[in-house]
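Quick notes on the structure that follows.
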Amino acid sequence: MIRVSDVDKDLLEDDGERPRFWGRLRAGLGRTRSQLAAGVGNLLLGDKEIDDGVLEDLEASLLQTDVGIDATREIMQALTSRVKRKELNDTMALHTALATLLKEMLRPLEKTFSVAGKKPAVVFFVGVNGVGKTTTIGKLAKYLQDTGARVLLAAGDTFRAAAVEQLQRWGERNEVSVIAQPQGADSASVVYDAVESAKARNFDVVLADTAGRLQTNTNLMDELKKIKRVVNRLDPAAPHEVLLVLDAGVGQNALSQVEQFDEAVGVTGLIITKLDGTAKAGVIFAIARRFCQPVYFIGVGEHLEDLSPFNADSFVDALLAID
Amino acid sequence: MFEHLSERLIRTLRGISGKARLSEENVSAALRDVRMALLEADVALSVVKDFTEQVKIRALGQVVSSALNPGEAFIKIVHDQLVSVMGEANDALNLSTTPPAVILMAGLQGAGKTTTVAKLARLLKERHQKKVAVVSVDVYRPAAIEQLEVLADEVGAIFLPSNAQEEPLVIARRAVLEARRQFADVLLVDTAGRLAIDEKMMDEIKLLHGVLEPIETLFVVDAMTGQDAAITAKAFNDALDLTGVILAKADGDARGGAALSVRSITGKPIKFIGMGEKTDALEPFHPDRLASRILGMGDVLTLIEEAERKVDKKKAQKLARKIQQGKKFDLADFRDQLQQMDNMGGIGNMLEKMPGMSQLPAAAQSQVNEGMFEQMGTIIDSMTPNERRFPDVINGSRKQRIAKGSGTQIPDVNRLLKQHKQMQKMMKKVTKKGGMRKMMRGMQGMRQPAGFPR
């Protein structure tokens, strides 16, 4: 097992050159791990027996990772019953069982993001304020371009000051066209224009930004429904994907976000951003229990290439540091 | 915000409020539920532990005051503990220094710093009559500076220009001089979002702090943050010696645990709370009132303050005179009333602050639909001035026109007219002799729910 300090040293040695993607994720999640591993790590010391104290520490670690009460209880029950049946005798076995369990929970969330065969594929980005929708669009545009797709961006966030400029800046960097109207314009009409233009100019994908909105704001959620309705007129199958962007730092409110956005416009997938900080995104275990939307991507930084497809094993391994 | 926490705590406390005696057993059982409620609300685990420990010590050592039964006493202890975790009273900004008073904003990416700068500028300008200048040293996020420029323009603050090719420190030095030259009372400095573990960026903000010598350093935190709120707040506090916290995006259904954690971990007061999309949606934070709200005891003080500030007094007085003179309460007056209600943040916002109202069944609450009031306003807007003054002239074909004009159905128009008739009747009763007194007596029946301390 790699200790946190080792990872940090790796990072330092990489000075000047940015560490590889998984390194960054692991370094980021390392802080998560240092939380989780504080419990698990102690368990591993000297082949200890599993007592109540050990289990309590583990429970605390899970809670501190935002796994949430229900999911934590479920995980703990599964582990405790196996301990009682003497299937898990030492802490090492407990650690392995935990990793297996966590991976099993997240595996259904794995799914490859593909927009092939729909021309143009229309992808909506939705979420609460400040989760990183615009930045993620920039990254995904690059990711899709690298696969050879022709990408068009729609600056649908016409509410926040300078959001249009922000997306245009991303567009310039990538040499991607951006369809935009001034701030205050109707965002449904921007997205409509973009889809129409993508059809005429033979683009493969339209990535549509939307203004951040709290899921409890009925008016703004209705606005989102309207964008969908309007785009529907051009292509009954559109939007082909509605991606909900979640901040890794979010707590149990994420469940309400998934639920409400799904109810409004039908969320087809999730993206988790900002995993390079101390935030843990443990709430995805709670999400996995209740919803069936896949996690397509995770983001670990502000650079264009800091976006990667979600992989359950790697995520949990980075979380628990099993190499 | 806080509904979930509030709901859970109220349920738990109701369980114990009937108990005749506080025993180790029933206190422990209640505390288990309190612990769950707090954890579900994303309060940091360490804070939860302290909280329940403190409540337990105080509950078991309780000298039962004669005014309260033991259950009530327990609720009072939880309330007091909530207040003590969140801070006793509102901490105002400290601006007493040689102008410009510099306020530095810090926080993670996407916490809401730029929006908060605009809101704070507006609040200082409108409620404290300050001349406010703003500057952005965010040279990283594309268009961050433009965002602040647009917002500054909107709220009427002086925007001190900067550009993404400059060094943040250079911008900061120039901004202070420029703010002084323009006789600004306050200079708000917006910074780039940064991770607490990003040493280079944390060094940068430490240097900025040194150059600016801010009198206030405010940490902006997203109300929806989970357990990470405590970790991040601590890191920023260690690096910068914060003077306060602003809780952003608190108008959603976030459970508000971040508020409890951040205050408890850093010991720094939450000074403001962001409650909406618009630039006027920033309120001073009153922990004592919030504690009452969490426990379902309402927050009448804030409601009164809001009414004072937001209700158009002239119009209200005019209406009162009109009614007293025995004139009819017409649809135009009705429209004004709806507007006033909207100014106060809508019926939902008002109900939330009324004692006991948070315990209304969810179904009943959803009946009070915000959209309903908006629709009523639209229907009245689609009438001619004459129709508003003399609603009796509205016949079938007029109804049809009004429904079309407002995008509603005829039954909606009928419902509005009926509601107006009812209000008219009520107004008549008020103006009759002794009518007001009778109505007030009726209202006294709506006292605080039993089992809650006053």
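Side chains are part of it too, since the values below use all heavy atoms of this structure and drop only hydrogens, waters and symmetry mates. Throughout, a chain's letter reflects where its sequence line sits, starting with A, and its residues are numbered from 1. Since this is a predicted model, take the numbers as computed values, not measurements.
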To the nearest 0.5 Å, what is the distance between CD on A:Q183 and CD on B:E154?
7.5 Å

Report which part of A:L220 has an atom under 4.5 Å of a heavy atom belonging to chain B: side chain, backbone, both, or neither.
side chain

Between B:L39 and A:L63, does the side-chain contact (heavy atoms from CB on, under 4.5 Å) criterion hold? Intermediate values first, please.
CA-CA 8 Å; B:L39 280 173; A:L63 287 171; 3.6 Å; yes

What residue in A:N129, A:D70, A:N219 has the most heavy-atom pairs under 4.5 Å with chain B?
A:N129

Which atoms of A:Q252 approach chain B - backbone, side chain, both or neither, heavy atom under 4.5 Å:
both

Given side-chain contact (heavy atoms from CB on, under 4.5 Å), test A:T65 with B:Q227 step by step and report yes or no.
CA-CA 7 Å; A:T65 320; B:Q227 299 281 331; over 6 Å; no

For a quick check under 3.5 Å, do A:Q166 and B:Q147 share a side-chain donor-acceptor pair by atom type?
no

Step-by-step side-chain contact (heavy atoms from CB on, under 4.5 Å) determination, A:D66 to B:D42
CA-CA 8 Å; A:D66 289 318; B:D42 291 326; 4.2 Å; yes

Considering residues, nucleotides and ligands other than B:N163, do more than 12 of their heavy atoms fall under 6.0 Å from its CG?
yes

Quick one: what part of A:Q257 sits under 4.5 Å from any heavy atom of chain B, side chain, backbone, both or neither?
side chain

With a 4.5 angstrom heavy-atom cut-off, could you sort out which part of A:D222 is near chain B: side chain, backbone, both or neither?
neither

Just so I understand: if I count every heavy-atom pair under 4.5 Å between each of B:T225, B:T115, B:L151, B:D222 and chain A, which residue has the most?
B:T225

Evaluate the side-chain proximity of B:P142 to A:R173: yes if any heavy-atom separation is below 4.5 Å, no if none is.
yes

Under 4.5 Å to a heavy atom of chain A? For B:D228 that would be both

Quick one: of A:V131, A:T216, A:L167, who has the most non-hydrogen atom pairs under 4.5 Å with chain B?
A:T216

List the residues meeting side chain to side chain contact (heavy atoms under 4.5 Å, CB included) with B:A192, not counting sequence neighbours, and say none if there are none.
B:D138, B:Y140, B:R194, B:M201

Please identify, among A:G68, A:G130, A:G138, the residue contributing the most non-hydrogen atom pairs under 4.5 Å to chain B.
A:G130

For A:N217, which atoms come within 4.5 Å of any heavy atom of chain B: side chain, backbone, both, or neither?
side chain

Which distance, rounded to the nearest 0.5 Å, do you find between the CG of A:L246 and the CE of B:M224?
10.5 Å

Quick check on B:E277 against chain A: is it the side chain, the backbone, both or neither that has a heavy atom closer than 4.5 Å?
both

Say you draw a straight line from CG of B:L195 to CG of A:D276; how long is it, rounded to the nearest 0.5 Å?
5.0 Å

What part of A:V128 gets closer than 4.5 Å to chain B, counting heavy atoms only: side chain, backbone, both or neither?
side chain

Check: A:L214 main-chain N/O paired with B:K249 side-chain donor or acceptor under 3.5 Å
no

About how many Å separate CD of A:E165 and CD1 of B:I145, when rounded to the nearest 0.5 Å?
12.5 Å

